[in-house]
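Written out below as structure tokens is the structure these notes cover.
This structure is a prediction, so every number in the text was calculated from the model and none was measured. Side-chain atoms are counted along with the backbone in the values below, which use heavy atoms only and exclude waters and symmetry mates.
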Amino acid sequence: NTPNQIPVPGMVTMVDLGANKCIPCKMMAPILEKLTKEYEGRASIIFIDVWEDRSQGQKFGIRSIPTQIFFDKEGKEVFRHEGFMAEENIVALLTKMGVVHPNKGN
């Protein structure tokens, strides 16, 4: 269920643009699923399959998949990464952006 607005207004947003059939994308799926639950109400973690919705790939200027784009609360892109991104790197970046990990305090 993709939100109407990406990035989500007033919330730190991470968008992972990939495809359900790409190997590194498949490796990221359980990480994204876990982080979506953990960060619920704190940050928005969104997956978009650009093979199913090609317009999104164009909208975000995707050159390769997966690509992760991080937006701050104002909706400004602050970081972009191409390829597989490990859970600890995503968490570190969200923390740097001011989103406290649910298991690390309030």
Side-chain angles (χ1 to χ4, degrees):
N1 55 347
T2 309
N4 300 339
Q5 260 187 294
I6 301 172
V8 176
M11 189 174 260
V12 169
T13 304
M14 175 207 165
V15 183
D16 181 68
L17 295 115
N20 290 318
K21 294 179 178 73
C22 116
I23 301 297
C25 306
K26 280 184 182 174
M27 290 163 54
M28 287 201 60
I31 296 170
L32 296 172
E33 215 170 283
K34 179 179 178 224
L35 294 178
T36 300
K37 286 189 186 102
E38 288 181 353
Y39 281 96
E40 193 174 350
R42 296 167 185 259
S44 196
I45 314 283
I46 301 161
F47 170 75
I48 299 172
D49 188 320
V50 293
W51 289 355
E52 286 178 14
D53 187 352
R54 293 190 182 280
S55 67
Q56 295 297 317
Q58 291 166 339
K59 176 183 171 186
F60 291 105
I62 301 308
R63 293 192 306 263
S64 67
I65 58 171
T67 294
Q68 301 81 35
I69 308 174
F70 292 80
F71 298 92
D72 64 15
K73 287 181 178 168
E74 285 71 51
K76 196 171 99 245
E77 182 177 324
V78 292
F79 186 79
R80 183 178 284 235
H81 176 268
E82 291 181 355
F84 176 83
M85 191 171 191
E87 180 179 347
E88 57 269 21
N89 297 358
I90 296 170
V91 169
L93 200 53
L94 290 171
T95 303
K96 192 174 157 192
M97 292 172 71
V99 184
V100 177
H101 189 277
N103 302 336
K104 311 257 190 301
N106 45 10

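Residues Met97 and Phe71 come closest through the heavy atom pair CE-O, 3.2 Å. Nearest heavy-atom pair, Val100 versus Arg42, reported as atom, atom and distance to 0.1 Å: O-NH1, 3.2 Å. Nearest approach of Phe79 to His81, heavy atoms of both residues: CE2-CB, 3.6 Å. For the residue pair His101 and Tyr39, the shortest heavy atom distance occurs at CD2-OH, 3.1 Å.
To the nearest 0.5 Å, the span separating CG on Leu35 from CD1 on Ile45 amounts to 5.5 Å. Summarising the geometry, atom OG1 belonging to Thr36 is positioned 8.5 Å from atom CE belonging to Met14; distances are rounded to the nearest 0.5 Å.
For the side chain to side chain contact (heavy atoms under 4.5 Å, CB included) criterion with Ile46, the lone passing option out of Ile69, Val8, Leu17 is Val8.
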Below 3.5 Å, can you tabulate the donor-acceptor pairs from side chains in residues 18-32 to any protein atom, sequence neighbours excluded?
residue	atom	partner	partner atom	Å
Asn20	ND2	Asp49	OD2	3.1

Considering only distance and modelled atom types, tabulate donor-acceptor pairs under 3.5 Å from the side chains of residues 52-59, sequence neighbours left out.
residue	atom	partner	partner atom	Å
Asp53	OD1	Ser55	N	3.4
Asp53	OD1	Ser55	OG	2.6

Side-chain polar contacts of residues 88-96 - donor-acceptor pairs under 3.5 angstrom, sequence neighbours left out - could you list them?
residue	atom	partner	partner atom	Å
Thr95	OG1	Val91	O	2.8

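The environment of CD in Glu87 is crowded: more than 12 heavy-atom neighbours from other residues, nucleotides or ligands sit within 6.0 Å.
With hydrogens and angles ignored, the 3.5 Å screen pairs a side-chain donor or acceptor of Thr13 with a backbone N or O of Met11.
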- Task: Mind running side-chain contact (heavy atoms from CB on, under 4.5 Å) on Gln68 and Arg80 for me, showing each step along the way?
- Result: CA-CA 6 Å; Gln68 301 81 35; Arg80 183 178 284 235; over 6 Å; no

